[in-house]
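One structure is given below, encoded as structure tokens.
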2 protein chains.
Amino acid sequence: MLSHKYPFMDYKMQLFLSKFKNKIDQKGRVSIPSQFRSILFQDGSQKMFCYPSLDAEAIDAGGDSLSRDIYALMDNLDPYSDEKDFLSTALFGLSEELRIDSDGRVILSDALIQHAQIIDEVIFVGLGQKFQIWEPNRFSNYLQEAQKKVREQRLLLSKKSKGF
Amino acid sequence: MLSHKYPFMDYKMQLFLSKFKNKIDQKGRVSIPSQFRSILFQDGSQKMFCYPSLDAEAIDAGGDSLSRDIYALMDNLDPYSDEKDFLSTALFGLSEELRIDSDGRVILSDALIQHAQIIDEVIFVGLGQKFQIWEPNRFSNYLQEAQKKVREQRLLLSKKSKGF
DNA sequence: AAAAATACCATGTTATCCCATAAATACCCA
DNA sequence: TGGGTATTTATGGGATAACATGGTATTTTT
């Protein structure tokens, strides 16, 4: 189960960190940052699992562990609830497994591009067990907001976090 | 008891102490001071974990113990809340694990350099379980301020702490 | 046949490895 | 203790490998 009691962040597991800006070429191809790629490849798959982010104008993405986590999350919901139907549609209905080509690139679908309002450049942002793909300007706006939130919660954080 | 006074410091752990000034070469490489390096290498990793300092125009850096603390902090949040997305963005998205090369050097990312306003020289400042990387002039200004603040609070403190 | 997807190749840039050197530090032994 | 030698360290440079990115050719789909 995905909860506080069973942290899914094994200390050994590799996390998506940092951010990288890459270009989209005329054919719609984008290089996945090599740091992220090597994590995706870890379980042998040549796929990138992704779907439109629920709360942001961005694409959520990750590897097998992400899709498995989401599947597990669904599994825990009441099979006949509206909540489950809604989430299944929102996540699985709109999610895709993009093939990673021999040069480490993917082609984002029109639906994903439209959701994230992407033009010809994207930022890959590591979020730990997943990452997001943003249109650069939208991301910098969002980042400002996020940093503001972090500062607001600062005291709370510093008490728990041993000096960070 | 030790753990009461220093709740987050394992008495065995090696501390980052003292400060060292090093140069950045044309390729952007900086040597990590060997004293710091040997602490970073302790757990076998060849990485330096770092992120823009929340309160200063400096880079916060450390080894596995620092990154684990932050991962643990994130792990306590509800995985699919937007609170978590905000924090992940600001913490994971801006953090980096810089690879330490065979000569003990790292290449600081543009984002970090810009945050700390670094040109071609840096000061590594030990802060115990982590250290900071500063542009030298900024650091000496900061240090002066800090010392001034300490002097101002000295009387107040000494009444409570008998001897500091 | 046209369009899209895929494989393959080329290039400039950047990171990484390896070696050289000078200075500082640690070490050793008379 | 002193004085000389070895080792470590910071730093520079050349060679090599990796990466992002653009392009062309080949295959697959429809």
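Keep in mind that this is a model prediction, so the values were computed, not measured. Throughout, a chain's letter reflects where its sequence line sits, starting with A, and its residues are numbered from 1.
As rounded to whole Å, 9 Å separates atom P of dA20(D) from atom CZ of F20(A). Atom NZ in K23(A) sits about 15 Å away from atom P in dG12(C), given to the nearest Å. For D25(B) and dT14(C), the CG to P distance is 14 Å, given to the nearest whole Å. Rounded to whole angstrom, the span from the CD1 atom of I113(B) across to the C1' atom of dT14(C) amounts to 14 Å. One atom, CD of E121(B), and another, P of dT11(D), lie 8 Å apart when rounded to the nearest Å. Computed from coordinates, the I24(B) CD1 to dT11(D) P distance equals 10 Å when rounded to whole Å. With rounding to whole Å, D110(B) atom CG is found 11 Å from dT14(C) atom C1'. In this structure, CD1 of I123(A) is placed 15 Å from P of dA20(D), rounded to the nearest angstrom.
Sorted by first and then second residue, the ring pair (Phe, Tyr, Trp, His ring centres under 6.0 Å) pairs with a member in residues 26-46 of chain A read F16(A)-F36(A), F20(A)-F36(A), F36(A)-F131(A); sequence neighbours excluded.
Considering every non-hydrogen atom in both C50(A) and I59(A), the closest pair reads CB-CG2, 3.8 Å.
When only modelled atom types and interatomic distance are considered, N22(A) and S31(A) share no side-chain donor-acceptor pair under 3.5 Å.
Residues of residues 26-41 of chain A that place a heavy atom closer than 4.0 Å to DNA chain C, in numerical order, are K27(A), R29(A).
Of the charged side-chain nitrogens involved, at least one lies within less than 4.0 Å of a carboxylate oxygen, so that R105(A) and D103(A) count as a salt-bridged pair. The pair K149(A)-D85(B) does not meet the salt-bridge criterion, since no charged nitrogen lies less than 4.0 angstrom from a carboxylate oxygen. Taking 4.0 Å as the cut-off between side-chain N and carboxylate O, R138(A) and E57(A) count as a salt-bridged pair.
In this structure, the side chain of H115(B) does not engage the main chain of Y51(B) through any donor-acceptor pair within 3.5 Å. Distance alone, capped at 3.5 Å, places no donor-acceptor pair between the Q153(B) side chain and the V150(B) backbone. One N or O on the side chain of E135(A) and one on the backbone of N137(A) form a donor-acceptor pair closer than 3.5 Å.
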Could I get a table of every N or O pair under 3.5 Å where one atom is in the protein and the other is in nucleotides 19-26 of chain C?
from: dC19(C); atom 1: N4; to: D103(B); atom 2: OD2; distance (Å): 3.0

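At a threshold of 4.0 angstrom between heavy atoms, the contacts of D101(A) with the nucleic acid are absent.
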